Amino acid sequence: MRCVIARFPFDLVKSDVQASMKGIKPEPVTGDSVKIGRRTYPVKQVGEVITRQDRRDFTAGEVTRALTRLGFICDAVPTLVPARRLSPLQTASALLGAPTAA
């Protein structure tokens with residue numbers, strides 16, 4: 001399949017991507033990830049290996065789109081919802097077992 005990553009065209013095949021990643025230890029996932037075989041890799045690590053470009057040259061979205069079109073399962077980073085801070089009165093009420101005041 002032909003795709004463009006960092007303004008360069010690539011002809012990617014699923015089996016070639018799998019072969020390229022064979023024997024490469026996955027880095028810790030801190031962003032978008034892709035499952036290749038039984039391992040989960042950061043999308044940027046896979047993009048660096050298959051394109052032989054620096055990770056700063058392309059976005060995770062470009063690689064995610066290409067890998068999804070090839071049939072790989074990609075996961076986005078879940079957005080964290082900040083915890084609601086309780087006021088001192090609400091904290092005291094919670095500690096005493098009373099219902100919290102909204």
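Note that the structure is predicted; figures quoted are calculated from it, not measured. One is the number of the first residue; the rest follow in order along the sequence.
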Without placing hydrogens or testing angles, list every side-chain donor-acceptor pair under 3.5 Å for residues 28-36, not counting sequence neighbours.
from  : atom 1 : to    : atom 2 : distance (Å)
Asp32 : OD1    : Val77 : N      : 3.2

Legend entry - Non-neighbouring partners of Arg65 that pass side-chain contact (heavy atoms from CB on, under 4.5 Å), sequence neighbours left out: Glu62
Closest non-hydrogen atom pair between [X] and [Y], with its separation:
{"X": "Gln90", "Y": "Arg85", "value": "OE1-O, 4.3 Å"}
{"X": "Ile24", "Y": "Tyr41", "value": "O-OH, 3.0 Å"}
{"X": "Ala60", "Y": "Val43", "value": "O-CG1, 3.6 Å"}
{"X": "Glu27", "Y": "Gln45", "value": "N-OE1, 3.1 Å"}
{"X": "Lys14", "Y": "Leu70", "value": "CD-O, 3.5 Å"}

Legend entry - Student check: side-chain heavy atoms of Phe10 and Ile50 closer than 4.5 Å: no
So, taking the atom named [atom1] in [X] and the one named [atom2] in [Y], what distance separates them when rounded to the nearest 0.5 Å?
{"X": "Ile73", "Y": "Leu67", "atom1": "CD1", "atom2": "CG", "answer": "12.0 Å"}
{"X": "Arg69", "Y": "Arg2", "atom1": "CZ", "atom2": "CZ", "answer": "11.5 Å"}
{"X": "Asp11", "Y": "Met1", "atom1": "CG", "atom2": "CE", "answer": "9.0 Å"}

Legend entry - Backbone N/O of Arg56 and side chain of Lys44: donor-acceptor pair under 3.5 Å: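 Judged by distance alone, no pair lies under 3.5 Å.
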Inset, instruction - Ignoring hydrogens and angles, tell me if any N or O in the side chain of Gln53 forms a donor-acceptor pair with the backbone of Ala6 under 3.5 Å. - result: no
Inset, instruction - Applying side chain to side chain contact (heavy atoms under 4.5 Å, CB included), run through Phe8 and Thr51 and close with a yes or a no. - result: CA-CA 9 Å; Phe8 291 99; Thr51 65; over 6 Å; no
